[in-house]
Amino acid sequence: MVKYNEYKNLNYAKVGEDVLEFWKQNNIFERSVATREGNTPFVFYEGPPSANGTPGIHHVMARAVKDIFCRYKTLKGFQVNRKGGWDTHGLPVELQVEKELGITKEDIGKKITVEEYNQRCRETVMRFKSQWDTLTEQMGYWVDLNNPYITFENEYIESCWALLRKLYDKGYLYKGYTIQPFSPAAGTGLSSHELNQPGCYKMVKDTTIVAQFEVRKITRNMFLFEHEEEKVYFLAWTTTPWTLPANTGLAVGKNIKYVKVQSYNPYTFEPISVILAKDLVGRYFNQKAADLALTDYSSGDKLIPFKVVEEFVGSDLAGVEYHQLMPYVQPEKPAFRVIIGDYVTTEDGTGIVHISPTFGADDARVAAQNDIPALLVMDENGKPGPIVDRQGRFVPEITDFAGMYVKNYDGQDESAADYKPTDVLIAIKLKEEGKAFKVEKYEHTYPHCWRTDKPVLYYPLDSWFIKTTAVKDRLIELNKTINWKPESTGTGRFGNWLENLVDWNLSRSRYWGTPLPIWRTEDGEEEICIGSIAELTEEIGRAVDAGVMDEAVEVKDLHRPYVDNIILLSKSGKPMYREPDLIDVWFDSGAMPYAQWHYPLENEEQFQKNFPADFIAEGVDQTRGWFFTLHALAVMLEDSVAYKNVIANGLVLDKNGNKMSKRLGNAIDPFEMIGQYGPDAVRWYMIANAPPWDNLKFNPDGVVETQRRFFGTLQNTYSFFALYANLDNFTYSEADVPMAQRTESDRWIISKLNTLIQDVDANYADYDPTRAARAIQDFVVDDLSNWYVRLNRKRFWKGEYNTDKIAAYQTLYTCLEVIAKLAAPIAPFYTEQLYRDLNAVSNKHTEESVHLAYYPEVNHEDINKDLEERMQLAQTISSLVHSLRKKEMIKVRQPLQRILIPVLNDRMRAQIDAVADLILSEVNVKTIEYIDDTSGILVKKIKPNFKKLGQVFGPKMKLVAAAVQRMDQNDIAHLEREGGFEIMLNEEETAVLTPEDVEISSEDIPGWLVANEGKLTVALDITLTEELKQEGIARDLVNRIQNLRKDSNLEVQDKIHILLQRTEPAVMQAVENYSSYICAETQALSLDTVDELENATLLDIDDYKVYIHIQTERSTII
RNA sequence: GGGCUUGUAGCUCAGGUGGUUAGAGCGCUACACUGAUAAUGUAGAGGUCCGUGGUUCGAGUCCACGCAGGCCCA
C-alpha cells in the first residue's frame, strides 16, 4: 500500500536538493520543453550575464522573475525554449586581466602580445561560470545551460559582422568625430552606457576658478570702457581649470542681463571692472560693502567695495573680443570672442561660460555654430590633437605644465602635505597674474570611469556611429506597442530617452571584443565592410593575388590581433587596413536574437520562429543598455520590436534601503540564503513582498516569516491530510462525490479555489507575479488552513469512512493539488514534492512532475458568490461572538444557549441560516435566533449612500445627509415598506429617497450584550443554565483527558479506560449525563467512578478538583 | 538641473474609476483555544495617510508647489 509521505521537521533546503536530483535524473526540464513540441511557442530571451564576477542576491531576483513566466507558460501548454547565454567581451574583463598581470593598457602589444592577452581574457571571463551554473541550478532557474550562446565565439562574431554589414548597406554606419567621455586611466573612450553605470557620478571636491578674461581695448569694444577703466574683464567660472589653456571663446545667454562692476582684485588689489550676470552679483560681492566708496579701499581690506556702473543684455556682448587667457598655443583662426550659448544659465557661476571646444560636447557644438576654432597642437605624426594627450598629460607646448597630469592619474598620494593638483597650480599662476577673481573648493558630482574610479575627461575622439537618429520616429512608434512593466519605465524613462536620442557611438579602442569589420585605405577614400568569413577569405585571396598581403591566412579567429594582420585590396588597388576599433559590447548582447542562431548566415527558419521575443526581464538599469540595443537593432534590421512584454525590475537593497555592496559588507550571499532557507522561501519572499519593479528591501527575517507563515502553513495542512488519509487509506480511488452531496464548507472552499485559479491566472497573464503570490498565500493561510481545515477537523478523524468523509478528503486533496500547480512557477521545488507526494498515492495524473502538468481549468459552475458571501457572514459572526465571549470572560468550552442576530431582510436571514451550523459549532452555542421587524425590538440605523446620492445631488449633499440623519424609526420603516420616502432639504425643496439611496443597518438591541461590524450586529445570551454548566464541565474534562493522553504519548487510535474518584457532585452529575460524549471524544472504552482512587492525577477544572486515572489496554499509565 | 519613481501603524506592505470608522502580516501587550501543537484564535495599544495650497458637497485617492529617499541622465 502506497502511503502519503509524512515528514517530521521538514528541511526546505533539503527539499530543494532532493527535487533538483529528481529533475536531473529524469530530465524534467528537457521534457517540459519536449512534451510541448508542436504547441504555440512562447519566446523568451535570456539577457546574457557576464561570468567574470560572482553572482549576488539580486541575480536571484532577476532570474526568479524570468523563470516564473517561463514555467507558467509551460503550464499553460506553450513550448518555452530558453537558450542560455554569456556576455564575454568588454572592458571589465580586460581590466581584470590587466590587474592580474600587473600591466596597463599601454603594455599590451609590448610586454604581452595581443594574442596572449586576448587568450587570457578568454580564460578569465568564464572564471566564475561554475558558480553561476550552481546558482542557476540551486535556485531553480530553468534555462538551457548546455547549448548557450557565447559572444566571443567565432560564429557569434560573424553574425555581428553580418548585421553590421546590413546596417552599413542601409547607410546607418558612419565615422565621425565627437567630444566623448574618455578615461585616460583606462585608455579608452566610454560609452554613454558605461557612464550610466551606477556610481559613476560621484561627489568630488574640485578647485574651481572664476577667471578674468581681459576685454581688448579696440574700437569695437569701446562701449565697455565708458567709465574710463584701464582694464575690463569678463568673469567666467570653471570647475575644470585644466581646460583654461584651451579656451577659445566665452558664451553668454542671449536674454540674460549682465552688469559691469567696478571693484578690486582680491589677490592683487588692483582696481578692475568686471562683467557678470546681474543676478549673480550678490554671490561675488559682499552686500555689506555696497555703501563703501571705491576710494575707501586699501590693499588687503577684507571688505571690498564695489559699484555697479552699467547694465547690458547678452546679445549686446556677443562679438566682443578678449585677450587669450593663457597664451601657450595660438589657434588657426580668429578666436577669443563672446558668443551666444543656448545652454547658459544664471543658476551658478557668473552667467558667462568658458568654452574649450576640445573638452566639452556643448562647447564643441556652439563653437562650431559660431565659427570659433578649437585649440590644437600637432603630434609627432603631424596630426592635430588637443593640448592634453591620451594619458591625460599636458603636451610640451603648455610649457609651464608640460607633462603634468590634469587629474591624479598617476596615483599620487592626495593626502600628502605638499600634494598640489594641477588645477591648483593653474589657480596659483592665474592669481599671480591677476587673472583669477575667485578660487575656491567646490563640491559637485562629476562622472568617473566605472572601473578605474578615476575622473573622466571630455575629449575629442574618432568614432564609428550607428545612425539611430535616422529611425528615431520608428523607434518611438514601435516602443508604444511594447507592454512595459511598469508602464512608466516604457513611456517615461525609455520613451524620453528615445525622444532625445543621439547616434549610437559604437567605437571602443580596446583589445578584447568584436572587431569592427571595416577596412579602409590610409587616405580614408575607400573602404569595405565585411559581412562574413567567406567574404573575408575571398577578399584575402584578392589581396594576396595583388600582392598587398604576403600570404593567404586562414580565418580562424575573428578577434584581434588576427584580423589586424589582414590587409585588403581597394577597388583602385590600394591597401586597406582595418579600422582599429572594437565595437560596443552592448551591440553583442543586442544582437543575441540573431547571433544566438548564427543568423543571418544560417538558420533562417529557427530565427523567424523565435523573433520577436514574447517576454524579457532585466533590471531597470538595462533601460538604456540591453533594452535599448535590442530595440534599436530590431527596428533597424527587421522594422519590428525585439520583445513584446518586458519587466524592468528594481534594485535589491539591504533591509535599511541601502545599496548592497561587498565593500560595505551588507551584501547578502545568495548561496547562504538558499542553503539556509531553501530556494522556494527565498523566491517566494522576493516575489510576494513587493512587485518586481519596486525596489526590494531584502530582510532575511522576511524570508523566515515567509517560510513559517506560508510554507509552514501549507506543509501543516498537507501533514494533516496525509496523517488521516493514510489511516483511512484514502487514495482518491472513489468517484468524485458530487458537489450537491458535499457540505457547505466543502462547496465554499471549492468555490474559493476556483476563484483563485481564475485570479492567479489573470495575474500571471498580466505579468504580475506579486499579486499571484499574494492571492495564493491568502488562500492557503486564511481560507484553507485557518477556516476550512479548522472547521472540518473532526470530519477527518471521527466516524466511519463514509461519503461525507470521502468528500472531505477529496476536497482537501483537490485544494492541495491545485495549490501545487498554481504556486509551481514561484516555488518550483516544494510544489514539486507536494504534487508528487499526492500523485504517488492517487495516480490521478500521468505527468510525474508538476512542471510537466497543466494549469488547472476553472469550473465556473463551482463558483458560488452567494456561498462565498454567507461564509464571510459566518466568519464575521463567529468573530463577533468570540469577541463578546472575550469581553465577558466566558471561555469557548463553555456552551451557551443562543445568539441573536437582527436581520434586515429575508435574504440576509436565509444566508445566515445556511451557515448556522458552522457558526454554532465554531462558537459553541446552541441556537441562533433572528430578530426582524415583527419582533418589535429591532432598532435600525440609517446612513446615506454617499456615492450614489452624491452623483445626484452634488452640492446639496450636505442637506441630504442632514435630512437622512433626521429620519426616525417610523420614517425608516416607511421607506422600506413603501419603497420611497420624501425628505425636506430645506424650506422649499424636497427629494424622494429609495432604499438604494441609503444604507440601513441594525443598531444595538436594548438590554443585550452586542457587538457589530458594518451592517452586522450580534447579541449573545450569556445566561448559564445548570445543563449548560454541566456540559461545560464535560468538555473541560474531555480537554484534560486529551491532554493526559498526549502527555502519555498515546497514539490517536489508542483506546483507554477512565476511572474517576467520586467527589464534587456537580462533576459527577456532568459525568453521568455526558458519559457517552466523554467516551467518544477520548477514545474511552469505559468510564467508571470509584470511591477511592490510587495513583490518581489531580485535575483542576475551574473551582473543582477531580482525581482521575486512565489506563490503556496495553498497560497502566499514570 | 532634467526624466522616472517612492513616501500609509515600530517594520514590510494592501488600499480599481474620489464617497464619510484607512486595512493585513510581522513585532509588542493581555487573554483564550488545543489530537494540525515548534501550530491557532480573540482583543488591545499603535496613524497629523510626508508637508502646504487648490479642485470638490466630499481627498489617502485628483491637481499644483514643496520636502525627503531611490534610480537614470545632464
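Source: prediction; values computed, not measured. Protein chains get the first letters and strands the later ones, always in sequence-line order, with residue 1 at the start of each. For the numbers below, each heavy atom of this structure counts, side chains included, while hydrogens, waters and symmetry mates do not.
Look at the P atom in both B:A22 and B:C50: the space between them is 15 Å, to the nearest Å. Rounded to the nearest Å, the gap between the C1' atom of B:U56 and that of B:C63 is 12 Å. Between the P atoms of B:C4 and B:G66, the separation comes to 14 Å (whole Å). Nucleotides B:G1 and B:G18 place their C1' atoms 35 Å apart, quoted to the nearest Å. To the nearest whole angstrom, the two P atoms, one in B:A30 and one in B:A14, are 32 Å apart. Using P as the reference atom, B:C62 and B:U6 are 11 Å apart when rounded to the nearest Å. Spacing between B:U61 and B:U48 at atom P, rounded to whole Å, works out to 16 Å. B:A59 and B:G51 are spaced 15 Å apart, taking the P atom of each and rounding to whole Å.
By the 6.0 Å contact criterion, CZ on A:R774 is enclosed, its count of non-hydrogen atoms from other residues, nucleotides or ligands being greater than 12. Within 6.0 Å of atom NZ in A:K3, more than 12 heavy atoms from other residues, nucleotides or ligands are found, so the atom counts as buried in its surroundings.
Here A:A62 pairs with A:N649 under the side chain to side chain contact (heavy atoms under 4.5 Å, CB included) rule; sequence neighbours left out.
Distance CE (A:M686) to C1' (B:U12): 15 Å, rounded to an integer number of Å. When rounded to the nearest whole Å, the span between OH of A:Y7 and P of B:A39 equals 21 Å. Remark: P of B:C13 and CD of A:E705 are 12 Å apart, rounded to the nearest angstrom. Remark: P of B:C72 and CZ of A:F628 are 18 Å apart, rounded to the nearest angstrom. Put simply, CG on A:D783 is 16 Å from P on B:U40, counting in whole angstrom units. As a whole-Å value, the separation of A:R793 CZ from B:G41 C1' is 10 Å. Remark: P of B:A14 and CG of A:D782 are 17 Å apart, rounded to the nearest angstrom. If you take CD of A:E499 and P of B:G2, they are 19 Å apart, rounded to a whole angstrom.
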Produce the list of close N/O pairs, under 3.5 Å, pairing protein atoms with atoms of nucleotides 60-70 of chain B; give distances to one decimal.
| from | atom 1 | to | atom 2 | distance (Å) |
| --- | --- | --- | --- | --- |
| B:G70 | O2' | A:N695 | ND2 | 3.0 |

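Of the nucleotides present, B:U6 is the one that pairs with B:A68 by Watson-Crick or G-U wobble criteria, both distances under 3.5 Å. For B:C57, the paired nucleotide is B:G19, the pair qualifying as Watson-Crick or G-U wobble because both relevant distances are below 3.5 Å. In this structure, B:A36 forms no base pair with any nucleotide, since neither Watson-Crick nor G-U wobble geometry is met with both distances under 3.5 Å. With a cut-off of 3.5 Å on both Watson-Crick or G-U wobble distances, the partner of B:U29 is given as B:A43. For B:G1, the paired nucleotide is B:C73, the pair qualifying as Watson-Crick or G-U wobble because both relevant distances are below 3.5 Å.
Listed candidates were B:G41, B:G19, B:C13. Nearest to the side chain of A:R774 is B:C13. The nucleotide whose nearest atom lies closest to any side-chain atom of A:R709 is, among B:C26, B:A14, B:A36, B:C26. When each of B:C4, B:A36, B:C71 is scored by its nearest atom to the side-chain atoms of A:N496, the top-ranked nucleotide is B:C4. When the nucleotides B:A36, B:C26, B:A14 are ranked by their closest atom to the side chain of A:D694, B:A14 comes out on top. In this structure, the nucleotide among B:U12, B:U17, B:G25 sitting nearest to the side chain of A:K947 is B:U17. Residue A:K943 has its side chain nearest to B:U21 when only B:A36, B:U21, B:C71 are considered. Of the candidate nucleotides B:G27, B:C72, B:A43, B:C72 has the atom lying nearest to any side-chain atom of A:R624. Of the candidates B:C71, B:G27, B:A14, the closest approach to any side-chain atom of A:R708 belongs to B:G27. Distance from the side chain of A:N716 is smallest for B:A39 among the nucleotides B:A39, B:A14, B:U12. Side-chain atoms of A:S488 lie closest to B:U5 of the nucleotides B:C26, B:U5, B:G15.
With rounding to the nearest 0.5 Å, the separation of CZ in A:F711 from CD in A:Q777 is 8.5 Å. To the nearest 0.5 Å, atom CG of residue A:L696 and atom CG of residue A:N689 are 5.5 Å apart.
Salt-bridge annotation for A:D1036 and A:R1040: present, with a side-chain N of the basic residue lying under 4.0 Å from a carboxylate O of the acidic one.
No contact: A:D701 has no heavy atom under 4.0 Å from any strand. Across all strands, A:G950 comes closer than 4.0 Å to base atoms (heavy-atom distances). No engagement by A:R1035 is indicated, since no non-hydrogen atom pair under 4.0 Å with the nucleic acid exists. Among the atoms of the strands shown, none is found under 4.0 Å from any heavy atom of A:T491.
Relative orientation of the A:Y809 and A:F721 rings is perpendicular, given thresholds of 30° and 60° on the angle between their planes. The aromatic rings of A:W497 and A:F628 sit perpendicular, their planes meeting at an angle over 60°, well past the 30° parallel limit.
No donor-acceptor contact under 3.5 Å links the side chain of A:S785 to the base of B:A39.
Residues A:F720 and A:N945 each lie close to RNA chain B; by heavy-atom proximity, the contact nearer the 5' end of the strand is made by A:N945. Each of A:E922 and A:L791 was assigned the nucleotide of RNA chain B with the nearest heavy atom; the assignment lying further toward the 5' end belongs to A:L791.
Between the side chain of A:S879 and the backbone N or O of A:Q875 there is no donor-acceptor pair closer than 3.5 Å. Using a distance-only test at 3.5 Å, with no hydrogens or angles considered, a donor-acceptor pair links the side chain of A:R885 to the main chain of A:Q894.
In terms of phosphate contacts, A:R790 brings no side-chain nitrogen or oxygen within less than 4.0 Å of OP1 or OP2 of B:U40.
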Show your reasoning for whether salt bridge (Lys or Arg N to Asp or Glu O under 4.0 Å) applies to A:K485 and A:D766.
CA-CA 9 Å; A:K485 294 297 258 189; A:D766 189 33; 3.5 Å; yes
